[in-house]
Amino acid sequence: MPQIDLNHLSATLAKLDSIQAIGRVCAVEQGVLQISGLHSHARHGDQVRITLKSGRELTGEVLKLEAGRLFALPEGTPEGVSLGDPVTLEEPAALSPCDAWIGRVIDPTGRPLDGRPLKRGDLSCQIKAAPVPASERALLGARLATGKAVFDTMLPVVEGQRIGLFAGSGVGKSSLLAHFAKHLEADVVVLALIGERGRELAEFVQHSLGEEGMRRTVIVTATSDQSPLMRRRCAWAAAAVAEHFRDQGKHVLFLADSLTRFAEAHREVAAATGELPTMRGYPPSLSHMLMALCERAGPGRVGSGAITAVFTVLVAGSDMDEPVADILRGVLDGHCVLDRDIAERGRYPAIDLLKSISRSLPRAANEEENTLIERARALLSTYEKAEIMINAGLYEKGRNSDLDAAVTVWEELDQFIAADVTQGIQASFNKLKLIIRKAQAAARVEAPAVRDARRLAPLARLPE
Ligand SMILES: Nc1ncnc2c1ncn2[C@@H]1O[C@H](COP(=O)(O)OP(=O)(O)OP(=O)(O)O)[C@@H](O)[C@H]1O
Ligand SMILES: [Mg+2]
């Protein structure tokens with residue numbers, strides 16, 4: 001005879017409410033259901049289940065409460081809903097992640113999408129959890145090897161840092177994110193695919209990540225055809241999975257593609273509640289939504305793990321002042337801008353280094369490394385300012401030592417930004433050091449008379 005765990009059974013029974021309140025649909029207006037009979041039981045954000053006359057069930061989320069009724073946005077179209085349809089309240093959205101979730105693809109409710117049964121963990125966690133209080137957080141951790149020379153050196157990523165990849169459509173955000181999923185140092189990767197095209201999921205799993213990448217990754221996905229509630233929940237569910245592994249002491253890499261789709265989903269939900277779009281079509285609550293999500297990443301409590309995050313942001317027409325980009329630039333600890341012109345000349349990742357920053361600098365690098373980074377940026381900036389003149393054939397060697405140095409190494413620096421590295425951070429810095437030395441030599445040889453000794457002085461400190 002099978003053993004019955006009486007303690008577990010009685011604990012489960014104790015949680016059950018002996019009375020289940022049943023509400024009724026009393027109006028359907030602009031896609032929103034008005035429900036009577038549940039307003040004194042329901043809380044904002046609760047889930048509801050509506051049973052249609054056809055027997056079909058529809059779930060939804062409570063978005064607004066008023067005396068006598070509540071307003072719920074259904075997860076599908078309200079087609080087929082009729083007045084008087086019964087409505088019950090569900091437990092708030094929660095997940096029970098465990099180690100068996102690694103290597104799996106799930107939807108925002110925790111259902112497996114890869115056709116295999118999914119084990120649940122013992123503990124359930126709310127998908128809208130509060131971030132670790134600022135006063136209890138550890139500091140940013142060590143620098144991480146990224147597999148890309150530019151992120152190992154000039155745009156360092158440290159444990160617990162949160163960075164954004166900003167670019168227009170088709171400039172290579174998802175490809176760079178996939179690179180991080182595969183190569184950035186981490187124990188577990190949690191990837192949220194929010195509102196992206198359906199085919200991108202298979203592409204990510206089979207091509208971008210492959211078997212090797214999937215071995216350490218949990219994918220949470222809600223594609224563009226799903227309801228705005230589901231797409232918004234996708235980001236929260238992925239954050240909850242990341243927090244689960246962080247609380248086990250792991251270093252988690254949380255990737256989200258894209259936060260723009262998350263913001264758009266929130267805009268649709270907010271419009272259904274009647275919130276006025278005041279920020280170029282976005283509701284005022286967007287700032288809080290984005291900030292609260294980003295705050296869930298970062299260093300954990302002292303002694304626990306950390307969540308390093310990379311979020312993609314779509315900036316239409318390279319408009320970095322549009323609301324989503326503007327809010328995120330202020331909140332994140334670094335941003336990497338991808339440029340269409342660079343992509344068009346075939347250099348991937350199309351990082352515009354001069355527009356990108358990592359706020360973990362200068363602390364994340366030592367004095368010599370910071371000097372190298374400053375010098376590399378100065379060379380790129382010098383070249384960029386003179387680029388039109390160079391292309392017009394007006395550049396003349398020997399007139400400006402800084403420009404001579406920049407022209408000599410520009411191509412190498414440009415390739416360095418795109419270079420893959422497998423030997424770690426030090427190897428990347430060694431490569432950069434060689435380029436800077438070459439620039440130094442070019443400045444000496446080609447323009448001794450006009451050499452600016454003051455500007456080159458810090459380089460004298462570089463060990464031979
Ligand atoms: N590292 C790379 N090497 C070669 N080509 C690349 C690379 N990264 C991106 N591309 C090219 O750019 C295209 C778009 O890349 P990707 O899908 O990553 O862009 P995206 O910014 O995520 O686009 P969307 O805004 O549509 O989501 C790819 O299909 C590919 O042709
Ligand atoms: Mg993409």
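Ligands are counted one by one from 1 in listed order, and the atoms in each one are counted from 1 as well. Both backbone and side-chain heavy atoms feed into the values below; hydrogens, waters and symmetry mates do not.
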Under 2.8 Å from the Mg ion (ligand 2), which protein atoms of type N, O or S occur, listed by chain and number? Ser174 OG
Between Arg231 and Ala222, what is the shortest heavy-atom contact and its length? CA-CB, 3.9 Å
Any side-chain donor near an acceptor of the partner, Asp404 and Tyr395, under 3.5 Å: yes
Specify the closest pair of heavy atoms between Thr146 and His179, including all atoms of both residues, with the distance to one decimal. O-NE2, 2.9 Å
Test of ring centre spacing under 6.0 Å for Phe262 and Phe311: no
For ligand 1, would you mind listing the residues that have at least one heavy atom less than 4.0 Å away, ordered by chain and number? Gly168, Ser169, Gly170, Val171, Gly172, Lys173, Ser174, Ser175, Glu196, Arg197, Leu314, Tyr348
What heavy-atom pair brings Gly168 and Leu314 nearest, and what distance separates the two atoms? C-CD1, 3.6 Å
Side-chain donor-acceptor pair under 3.5 Å between Arg232 and His266, yes or no? yes
For a 4.5 angstrom cut-off between non-hydrogen side-chain atoms, does Arg437 reach Ile435? no
In plain terms, say whether Glu344 and Arg340 are close enough for a salt bridge, that is, a side-chain N and a carboxylate O under 4.0 Å apart. no
Please check this pair: side chain of Arg137 against backbone of Pro299, looking for a donor-acceptor N/O pair closer than 3.5 Å. yes
